[in-house]
Amino acid sequence: MTGSCLFARLSSNKQMIVTTEYVDISMPGSPMRTFVASPKAEGRYPGIWCFSDIFQLTPPMLRTCVRLAGYGFVAAAPEIYRRIESPGTVIPFDDAGRTRGQQDAAKTPVAHFDADCRAGLDWLSKHPKVASGKIGAVGFCIGGHLAFRAAFQPDVRATVCYYGTGIHDGKLGQDADAGSLARAKEIRGELLMIFGTKDPHVPDAGRETIDRALRSSGARYKTLLYPAEHAFTRDEGPRFDPEATDLAFAEMVRLFRSVFHN
């Protein structure tokens with residue numbers, strides 16, 4: 001029996017080696033420390049503003065950004081609690097860390113989240129490796145809700161929300177009702193909503209509420225469900241689902257490429 005060696009051709013015909021750095025974006029008060037992963041190859045690429053969960057820039061979040069950059073995107077993830085935590089703070093994945101992250105969220109008005117998002121998008125659009133007019137967003141958990149709100153910005157052309165908490169009932173940060181679903185009609189780009197069906201934070205009724213609102217808003221969206229738990233993409237801890245993570249990641253890349261590479 002003879003064998004053969006096959007080489008798969010990358011869609012971009014480039015070897016996507018990735019470079020990473022931390023950048024302190026100058027802001028009133030504390031700077032917004034941001035992890036940036038980008039293709040090493042010369043060129044300009046779509047820029048994706050990436051929102052973390054309540055634990056900020058943990059190793060799983062950084063790995064997700066690096067992986068996304070490897071597909072030909074500039075992935076930039078800010079510290080969402082830059083007004084509260086000192087730069088470089090990574091909140092541990094334990095009970096105390098969960099409480100801390102939730103308390104940080106509860107101290108943050110939605111107006112602050114929105115202002116930091118707009119400043120971050122402005123910074124990303126001026127990044128030397130980001131192509132003009134090609135801006136997207138992605139987020140996880142609370143970051144999924146923040147990404148949903150980023151989609152209200154007219155320059156955000158594609159958004160992916162992983163198990164976004166509080167979208168269905170409006171709860172976000174200090175605000176009991178941020179009114180996010182009521183603003184869905186402002187979304188002009190493509191939207192991908194990703195959920196685990198075993199997620200108690202976004203139950204069936206919550207997903208149905210989101211779906212009804214998006215249908216009536218006229219937004220161009222798609223919802224994907226996986227038989228997985230909350231935070232199923234986090235590759236540390238007992239809820240990690242590798243297959244669901246890979247499938248969802250492929251759908252995210254497919255959306256971004258369909259929007260930005262046409």
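Being a predicted model, the structure only gives us computed values, none of them experimental.
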For [X] versus [Y], what's the shortest heavy-atom pair and its separation?
X	Y	answer
A137	A150	CB-CB, 4.0 Å
R149	S180	NH1-OG, 2.9 Å
S258	L255	OG-O, 2.8 Å
A182	K185	O-NZ, 2.9 Å
C65	A75	O-CB, 3.6 Å

State, with a plain yes or no, whether a side-chain heavy atom of [X] is found less than 4.5 Å away from one of [Y].
X	Y	value
T233	F240	no
S52	I80	yes
E85	I91	yes
V18	K40	no
H230	T165	yes
Y81	F55	no
D235	T245	no

Can you confirm whether or not the ring centre of [X] sits under 6.0 Å from the ring centre of [Y]?
X	Y	answer
F232	Y163	yes
F140	Y162	yes
Y22	F35	yes

Considering only NZ, NE, NH1 and NH2 on the basic side and carboxylate oxygens on the acidic side, decide whether [X] and [Y] come within less than 4.0 Å.
X	Y	answer
E190	K222	no
E236	R63	yes
R207	D199	no
R67	D246	yes

- Query: Is there a side-chain hydrogen bond (donor to acceptor under 3.5 Å, both in side chains) between S30 and R82 once you walk through the steps?
  - Reply: CA-CA 6 Å; S30 178; R82 64 103 182 168; 5.5 Å; no

Does [X] share a hydrophobic cluster with [Y], counting links as ILVMFWY side-chain heavy atoms below 4.5 Å and allowing steps through other members?
X	Y	answer
Y221	V156	no
L146	L124	yes
W49	V110	yes
F51	L172	yes
V66	L68	yes

- Message: Using salt bridge (charged side-chain N to carboxylate O under 4.0 Å, His left out), reason through K198 and D241 one step at a time and then give a plain yes or no.
- Response: CA-CA 12 Å; K198 302 175 183 178; D241 187 319; over 6 Å; no

Please answer whether the main-chain N or O of [Y] pairs with a side-chain N or O of [X] as donor and acceptor at a distance below 3.5 Å.
X	Y	value
S125	D122	yes
D175	D177	no
E79	G88	yes

As an exercise, state the distance from [atom1] of [X] to [atom2] of [Y], rounded to the nearest 0.5 Å.
X	Y	atom1	atom2	value
I48	K134	CD1	NZ	11.0 Å
F256	R157	CZ	CZ	11.5 Å
T159	I187	OG1	CD1	7.0 Å
Q56	I84	CD	CD1	9.0 Å
S38	K129	OG	NZ	5.0 Å
Y226	F195	OH	CZ	12.0 Å

- Query: With sequence neighbours left out, what residues match R44 under salt bridge (charged side-chain N to carboxylate O under 4.0 Å, His left out)?
  - Reply: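 Residues passing salt bridge (charged side-chain N to carboxylate O under 4.0 Å, His left out) with R44: none at all.
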
- Message: Is it true that, when you exclude E243 itself, more than 12 heavy atoms of the residues, nucleotides or ligands shown sit nearer than 6.0 Å to its CD?
- Response: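 Not more than 12 within 6.0 Å, no.
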
- Quick one: salt bridge (charged side-chain N to carboxylate O under 4.0 Å, His left out) pairs with a partner in residues 51-62, sequence neighbours left out?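 Qualifying pairs, neighbours excluded: D53-R234.
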
